[in-house]
Amino acid sequence: MHREPTPKAGIVHLGLGAFFRAHGAVYVAEAGNWGITGVSLQSPGTRDRLRPQGWAYTALELGPDGEKPQVVTVLRDVLVAPEDPQAVLDVMAAPDTHVVSLTVTEKGYCHEPSTGRLNRDHLDIRHDLENPLPRSAPGFLVRALALRHAAGLPPFTVLCCDNLPENGRVVQGVVGELARLIDPALAQWIEAQGAFPATMVDRIVPATTPADLDRLEAATGYRDEAPVMHEPFRQWVVEDHFCGPRPAFEAVGVQMVADVTPFEHMKLRMLNGTHSSLAYLGYLAGHETIAETMADPVFADFVRGLWRDEIIPALTPPPGEDLGAYADALAARYANPAIRHRTWQIAMDGSQKLPQRILGTIAEGRAAGRAVPGLTLAVAAWMRYASGRDEQGAVIEVKDPLAPRLAALWRDDPAQTVVGFLALAEVFPPALRDDAGFAADLTAALSGLMKDGARAMVVGRVDA
């Protein structure tokens, strides 16, 4: 694997997972003149695979017509936060660091998804309030900004790259709240001089398998222990609000805009909302991947109905975007047989994802008097999935921060199950928790799933 010289790091990235390495890091590499110091907030696995390769790795494009490898050499170093949190704070506080970006998933912000507020009872937040060496992503941001403030340095721009509505404002709120609890003067400085631009990111990045490593080696002649797989499509929309230098993103296709909100609503609801819907219903119906689910014509018709009847009517198109054409493009991306994006992988962390991806659309639709039976069925499928047992009684490995609570809420009586789930204030907004009609529709959908199964219920929606 040929490695070009790496520019000096000006970016620190928290949460160096496959998505950022297949998306944001590629854009930064193409923009040139900027390097990235990656930070793993949990385990050393990514660091240990990349270090013998000099931090270089392959991003492999998986298209319907073949595969295209690209060697990415933008990483300068990878730190593991639990091993040496002070080293992470030091690089974040360095004068040459101008941007701290994040992909730590929804749950990594230690907030309440239904309100956006900091979860002060979160174990990591409680730790970070009492200790100068943090554990959480918000804790690292606050403590590093405190070091810069004390040293007379300007703040860095915080660039969230996770799928959260108004992600920049959510992170700004969480950081501001935590900073106020630690040092009110610090919070005032961050508010006055910091920058938290909102972003929208889009690229399907399936999990890398051992077979992928072997196939890449056979095709390229070198062994890469840390490649990432991705589809051909990519999109990055960023609000042009930085408090210091930044890469020339606009030169490599990043859409620099004044307001990212309409773009993120389009993506979160049209892509992520239907991705989650297909994941839960498809998994229950026995489909392993999204492409396999879309190859089932019943599910393909179902998702087109979601776009046409339930999601697009609740959206304002972003400037220059045709929502119908966007839906067609999504359908083609989902059906790409080269992308083996597992339904189980997408189903992770549903309690964190559903408020942004699906529940907002349902609440707005019901408030406007529009029927949302397909999305309601998707929520019922999440509940069925979260029970920990599939339709054949086999165990489901549910990955969710609320997994034990969700499993404990399951009852053989669908109505009792719905009552328990709707009481989850951190998941369901008040508009849905207090909506008797929604509770009834959700109970009917869950009853159907338990009685007839997911595919039969999807057939029923398509035929309705």
Side-chain angles (χ1 to χ4, degrees), residues 19 62-64 163 202-209 211-212 229-233 267-312 326-350 353-354 357-358 361 372-387 389-392 394 396-400 445-446 448-450 452-464:
F19 179 80
L62 307 176
N163 286 313
D202 190 2
R203 172 166 263 182
I204 296 174
V205 179
T208 301
T209 68
D212 293 326
M229 312 291 121
H230 63 78
E231 66 171 333
F233 179 90
K267 190 259 180 172
L268 274 167
R269 296 184 177 196
M270 292 189 67
L271 188 153
N272 298 114
T274 55
H275 231 193
S276 289
S277 299
L278 289 172
Y280 294 115
L281 288 162
Y283 182 96
L284 293 174
H287 294 310
E288 184 180 357
T289 68
I290 292 296
E292 182 183 318
T293 307
M294 285 294 287
D296 185 335
V298 168
F299 281 90
D301 289 343
F302 171 77
V303 76
R304 288 189 178 277
L306 288 183
W307 285 318
R308 181 186 63 243
D309 301 329
E310 302 185 26
I311 298 174
I312 289 178
Y326 184 67
D328 290 340
L330 288 177
R333 292 167 63 192
Y334 289 175
N336 179 357
I339 297 291
R340 291 190 54 78
H341 207 175
R342 296 176 63 197
T343 51
W344 178 82
Q345 180 189 4
I346 300 163
M348 292 180 182
D349 302 328
K353 295 175 177 177
L354 261 64
R357 299 183 175 196
I358 295 178
T361 307
V372 283
L375 292 174
T376 301
L377 178 62
V379 176
W382 165 66
M383 296 166 61
R384 181 76 176 85
Y385 176 93
S387 73
R389 295 279 178 179
D390 67 14
E391 293 179 358
Q392 286 71 46
I396 302 173
E397 185 185 1
V398 178
K399 294 284 190 179
D400 192 290
L446 185 58
L449 287 172
M450 295 170 65
D452 301 319
R455 193 176 189 279
M457 291 297 291
V458 169
V459 170
R461 282 300 341 130
V462 171
D463 293 342

For [Y], does its backbone N or O pair with a side-chain atom of [X] as donor and acceptor, under 3.5 Å?
{"X": "Ser276", "Y": "Gly273", "result": "no"}
{"X": "Arg333", "Y": "Phe233", "result": "no"}
{"X": "Asp452", "Y": "Leu449", "result": "no"}
{"X": "Glu231", "Y": "Val205", "result": "no"}
{"X": "Asp390", "Y": "Ala394", "result": "yes"}
{"X": "Arg384", "Y": "Arg389", "result": "yes"}

Minimal non-hydrogen separation, Val372 against Thr361, with atom names: CG1-O, 4.5 Å

Write down the atom of Ala347, the atom of Ala279, and the distance for their closest heavy-atom approach. N-CB, 4.2 Å

Expected list for residues 297-308: side-chain donor-acceptor pairs under 3.5 angstrom, two or more places apart:
unit_1: Arg304; atom_1: NH1; unit_2: Asp328; atom_2: OD1; d: 3.2
unit_1: Trp307; atom_1: NE1; unit_2: Met270; atom_2: O; d: 2.8

What is the distance from atom OG1 of Thr274 to atom CG of Leu330, rounded to the nearest 0.5 Å? 6.0 Å

To the nearest 0.5 Å, how far apart are CD1 in Ile339 and CE in Met294? 14.0 Å

Salt bridge (Lys or Arg N to Asp or Glu O under 4.0 Å) partners for Asp400, two or more places apart: none

Going by the rule salt bridge (Lys or Arg N to Asp or Glu O under 4.0 Å), which residues pair with Arg269 if we only count those two or more places apart in sequence or in a different chain? Glu364

How would you list, by chain and number, every residue that makes a side chain to side chain donor-acceptor pair (under 3.5 Å) with [X], sequence neighbours excluded?
{"X": "Tyr280", "result": "none"}
{"X": "Glu397", "result": "Lys399"}
{"X": "Thr343", "result": "none"}

Name all residues meeting the side chain to side chain contact (heavy atoms under 4.5 Å, CB included) criterion together with [X]; count only those two or more places apart in sequence or in a different chain, and write none if there are none.
{"X": "Asp309", "result": "none"}
{"X": "Pro232", "result": "Glu61, Asn336"}
{"X": "Ala378", "result": "Ser277, Ile358"}

Using atom types as modelled, flag every donor-acceptor pair under 3.5 Å from a side chain in residues 282-289 to any protein atom, sequence neighbours excluded.
unit_1: His287; atom_1: ND1; unit_2: Glu292; atom_2: OE2; d: 3.3
unit_1: His287; atom_1: NE2; unit_2: Asp296; atom_2: OD2; d: 3.2
unit_1: Glu288; atom_1: OE1; unit_2: Arg340; atom_2: NH2; d: 3.3
unit_1: Thr289; atom_1: OG1; unit_2: Glu292; atom_2: N; d: 3.0

Partner residues of His230 under the ring-ring contact (aromatic ring centres under 6.0 Å, His included) criterion, sequence neighbours left out: none

Partners passing ring-ring contact (aromatic ring centres under 6.0 Å, His included) against Tyr326 (at least two apart in sequence or in another chain): none

So, Asn272 versus Lys267: side-chain donor-acceptor pair below 3.5 Å or not? yes

For residues Thr293 and Tyr334, is any side-chain donor paired with an opposing acceptor at under 3.5 Å? no

Report yes if some heavy atom in the side chain of Ile346 is under 4.5 Å from a heavy atom in the side chain of Arg342; otherwise report no. no

Let's go through Arg357 and Asn163 carefully: what are the C-alpha distance in whole Å and the side-chain angles of both, what is the deciding distance for side-chain contact (heavy atoms from CB on, under 4.5 Å) to 0.1 Å, and is it a yes or a no? CA-CA 9 Å; Arg357 299 183 175 196; Asn163 286 313; 4.1 Å; yes

